[in-house]
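Side chains are part of it too, since the values below use all heavy atoms of this structure and drop only hydrogens, waters and symmetry mates. FYI, the numbering just counts along the sequence from 1. Note that ligands are numbered from 1 as they come in the structure, with each ligand's atoms numbered from 1 the same way.
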Amino acid sequence: MAYRKEILHKVRQDYNQKRTRALGEAADRLSALHEQYPDLAAIDSALAKTGMNLVQEIVKGSEGINERIAAVRLENERLQKDRADMLVFYGFSPDYTDVKYECTKCQDTGYVETEPCLCYKKALAKEALDYAGLSRLAAKQSFDSFDLKYYQGDNRAMMEKVLASCKRYADGFHAKADSLLFIGNTGLGKTHLSTSIAVEVVNKGHEVVYTSAPNLFSALEAEKFGREASLTMQEVLDAEFLLIDDLGTENPSALNNNFLYNIVNTRLITAKPTLINTNLMPADLMKRYTDRLASRLLGEYAVLRFVGNDIRLQKIGF
Ligand SMILES: [Zn+2]
């Protein structure tokens, strides 16, 4: 796993906070009980003493040590049982004063011995999705929820191949993987499959930047003119995997075309994989973005063509 340090730091901080919170809440419950029930406070101080007693018995020497230690243990067990009975008598569960960790396996440390706990791995993956701007889409769009029933005849056969290619790409993703261009009309699942790939790539521990074209270009414009930007050109160029959703829906401008050329060109030179999806057909790409850029996209990206009838319309009965 190669999560960036902001993600590791954020998750580490969350774990420290929830552990501190769990310990603090348990301490609060205990002191409130001690105040209300002095007999419980007395048992707890007796219990604290049994630890000391154990040390004293050991210090006294080896004669009869096993019996003496057994006696201290017995006393401890009796006190524990009295304590549990007392809690129940006062209307609480016997574990009422225990620390309530979110994860009992790692006690909210994130680690079981030296291994990262499953909960910690999940938290990292989730944070990475948030960081990539993918959590909202990831909840709905995965390979599992991609339904081929909306494609008919030849279209279905083609989309089966597209789906298989996307799965293969996600499975075999690596830092120098090919770049992909999804072309097709609105409502044919381009964003759905883009998200599905990105989520799997994030789950493998790669750093993903996911952005819609309008957001991307307005961020880059903000950066260029010294305003606060949600994304910088450096981040876009450095991302292990860059996903630009809906290219062509941004405002057309020479500046945006320059940004795009810089992104496509630099990432091809540095062999960093990029996924772009667009409603623009090849001829439209050429018209809109110059032949030079269109030929890089069409010639050096692996192109997947999405076909069929608008799924969103089919879903509402058209
Ligand atoms: Zn855990």
**OP:** Please say whether the positively charged group of K18, taken as NZ for Lys or CZ for Arg, lies over the ring of Y15, i.e. under 6.0 angstrom from the six-membered ring centre and within 45 degrees of the axis.
**Re:**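 Positive - K18 is close enough to the ring of Y15 and near enough to its axis.
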
Subject >> Closer than 2.8 Å to the Zn ion (ligand 1) - protein N, O or S atoms, ordered by chain and residue number >> reply: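 C103 SG, C106 SG, C117 SG, C119 SG, with waters left out.
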
Original post:
In terms of the angle between their ring planes, are F173 and Y169 parallel, tilted or perpendicular, with boundaries placed at 30° and 60°?
Top reply: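 Ring orientation, 0 to 90° scale: perpendicular.
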
**OP:** For the residue pair D95 and S93, confirm or rule out a side-chain donor-acceptor distance under 3.5 Å.
**Re:**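 Indeed, the side chains of D95 and S93 share at least one donor-acceptor pair under 3.5 Å.
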
Original post:
Is there a donor-acceptor contact under 3.5 Å linking the side chains of D291 and S295?
Top reply: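 S295 and D291 do not have a side-chain donor-acceptor pair below 3.5 Å.
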
**OP:** Please identify each residue that fulfils side chain to side chain contact (heavy atoms under 4.5 Å, CB included) with E200, with sequence neighbours left out.
**Re:**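 By the side chain to side chain contact (heavy atoms under 4.5 Å, CB included) rule, E200 matches F143, A170, D171.
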
Subject >> Heavy-atom closest pair, residues Y111 and E113 >> reply: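 Taking Y111 first and E113 second, the nearest heavy atoms are CB-O, 3.7 Å.
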
